[in-house]
Amino acid sequence: MATLGVNIDHVATVRQARRTVEPDPVWAAALAELGGADAITVHLREDRRHIQDRDLEVLRATVQVKLNLECAITPAMIDIACRVKPCQVTLVPEKREEITTEGGLDVVAHRTACDEAVRRLRDAGIAVSMFIDPVPAQIDASVDLGAVAAELHTGCYANATTDADRHEELVRLTRAAAMVRQAGLELNAGHGLTYRNVVPVARIDRMGELNIGHSIVARAVFVGLAQAVREMKALIA
Ligand code: PXP
């Protein structure tokens with residue numbers, strides 16, 4: 001059965017809108033755990049637009065389930081990850097001007113920097129997941145670098161506007177998922193998943209962690225976070 005990683009960045013986004021102390025992503029993590037989250041995911045961005053260094057430190061000390069840190073492959077971010085030691089680091093691409101992560105990490109093009117990042121994280125005893133597009137070259141490169149897991153980018157599937165396109169993207173994801181598993185990597189997926197589109201992805205053979213943020217936090221505004229997480233857990237189960 002697929003597991004659920006709840007991305008709580010948007011809770012910090014609301015807080016940062018006023019540069020105040022609420023809502024606190026640390027509370028959000030506790031409520032997500034109450035709702036059945038299997039993992040808590042945060043992205044410490046270089047511009048600190050939502051999650052702050054303090055959040056990561058407190059979450060490291062308080063989160064009782066798996067803590068998954070998303071970060072860029074820069075030496076400064078890898079320094080932080082190696083010091084804080086989350087259970088898992090997911091390496092993601094990062095551009096300052098983007099609204100959210102666009103596309104997977106191009107492991108092929110940034111092989112040297114990825115290699116250095118993976119090596120340092122592995123030496124620190126941290127499991128490394130690569131957030132990649134569902135294409136063979138990126139999976140092969142992730143395997144070569146010694147990643148433990150690959151998180152397949154589900155954005156194209158989520159953004160598909162016709163049934164035919166959605167089906168095509170699901171087939172692409174399913175093929176990539178089989179490659180990831182065959183290579184011995186754990187299989188994760190995420191980006192753009194919602195209560196409406198998550199089920200076919202959760203059904204992919206041996207799917208592991210689904211990382212979901214926007215849709216859950218959006219629903220939480222109306223039904224509360226623990227309930228929103230409970231409803232997502234029920235769907236992916
Ligand atoms: N996985 C990764 C690697 C991400 O960068 C994000 C967005 O921060 C997500 C999953 C969650 O995406 P969404 O907020 O669209 O559910």
Side-chain angles (χ1 to χ4, degrees), residues 2-14 16 25 28-29 32 37-51 55-56 59 66-73 77 81 86-107 114 117 121 127-134 138 142 147-160 169 173 176-177 180 185-199 201-202 207-221 225 228-229 231-233 235-236:
T3 60
L4 176 60
V6 178
N7 182 315
I8 54 173
D9 292 350
H10 277 7
V11 175
T13 300
V14 175
Q16 295 311 112
D38 301 290
I40 301 297
T41 296
V42 291
H43 184 175
L44 185 68
R45 294 187 72 103
E46 292 182 278
D47 63 10
R48 304 300 196 272
R49 69 172 70 158
H50 40 55
I51 293 294
D55 300 327
L56 181 60
L59 288 167
K66 175 176 171 182
L67 179 64
N68 173 37
L69 170 66
E70 292 176 9
C71 71
I73 53 174
M77 277 297 156
C87 312
Q88 175 177 284
V89 164
T90 301
L91 294 175
V92 300
E94 205 173 294
K95 284 196 237 96
R96 289 205 177 223
E97 62 279 11
E98 70 194 354
I99 292 174
T100 182
T101 316
E102 290 166 359
L105 180 61
D106 191 342
V107 184
C114 288
L121 292 165
V128 184
S129 179
M130 312 298 276
F131 182 53
I132 51 173
D133 290 330
Q138 299 297 341
S142 301
V148 167
E151 178 175 334
L152 298 179
H153 193 305
T154 50
C156 290
Y157 163 78
N159 292 335
E169 292 300 337
L173 282 169
V180 168
L185 267 58
E186 289 168 25
L187 171 64
N188 303 332
H191 211 280
L193 296 177
T194 70
Y195 295 83
R196 288 196 175 82
N197 68 17
V198 74
V199 170
V201 178
M207 179 53 72
E209 187 177 282
L210 295 176
N211 280 300
I212 309 179
H214 182 89
S215 191
I216 290 176
V217 176
R219 183 168 293 214
V221 170
L225 187 56
V229 172
E231 289 175 23
M232 186 59 86
K233 275 281 285 193
L235 274 177
I236 69 174

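Just so you know, these numbers use all the heavy atoms, side chains as well, and skip hydrogens, waters and symmetry mates. First listed ligand is number 1; within each ligand, the first listed atom is number 1.
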(request) From the options Leu121, Leu56, Val42, Leu91, select the one residue that forms a side-chain contact (heavy atoms from CB on, under 4.5 Å) with Cys71. (result) Leu91
(request) Test Leu152 against every option in Val201, Asp133, Asn188, Leu187 by the side-chain contact (heavy atoms from CB on, under 4.5 Å) rule and name the one that passes. (result)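 By the side-chain contact (heavy atoms from CB on, under 4.5 Å) criterion, Leu152 pairs with just one of Val201, Asp133, Asn188, Leu187: Leu187.
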What atoms in ligand 1 come closer than 4.0 Å to a heavy atom of [X]?
{"X": "Asn211", "answer": "10 (C), 11 (C)"}
{"X": "Gly192", "answer": "12 (O), 13 (P), 15 (O), 16 (O)"}
{"X": "His214", "answer": "13 (P), 14 (O), 16 (O)"}
{"X": "Val92", "answer": "3 (C)"}

(message) If I apply the N/O under 3.5 Å rule, does Phe131 come out as touching ligand 1?
(response) no
(request) Ignoring angles and geometry beyond distance, decide whether His43 reaches within less than 3.5 Å of ligand 1 through its nitrogen or oxygen atoms. (result)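 Between His43 and ligand 1, no N or O pair is found under 3.5 Å apart.
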(request) Return the set of residues passing salt bridge (Lys or Arg N to Asp or Glu O under 4.0 Å) with Glu169 (not counting sequence neighbours), or none when no residue passes. (result) Arg172
At a non-hydrogen distance cut-off of under 4.0 Å, which region of [X] contacts ligand 1 (side chain, backbone, both, or neither)?
{"X": "Asn7", "value": "side chain"}
{"X": "Glu151", "value": "side chain"}
{"X": "Glu70", "value": "side chain"}

(message) Between His10 and His214 (judged by ring centroids, cut-off 6.0 Å), do the two rings come close enough to count as a pair?
(response)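 That pair passes the under 6.0 Å test.
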(request) List the atom of Ala12, the atom of Pro25, and the distance in Å for their closest heavy-atom pair. (result) CB-CG, 4.1 Å
(message) So if I apply the side-chain hydrogen bond (donor to acceptor under 3.5 Å, both in side chains) rule between Gln88 and each of Glu70, Glu151, Lys66, Glu186, which one comes out positive?
(response) Lys66
(request) Say whether Asn68 and Thr41, considering side chains only, have a donor N or O and an acceptor N or O under 3.5 Å apart. (result)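 Judged by distance alone, the side chains do pair up.
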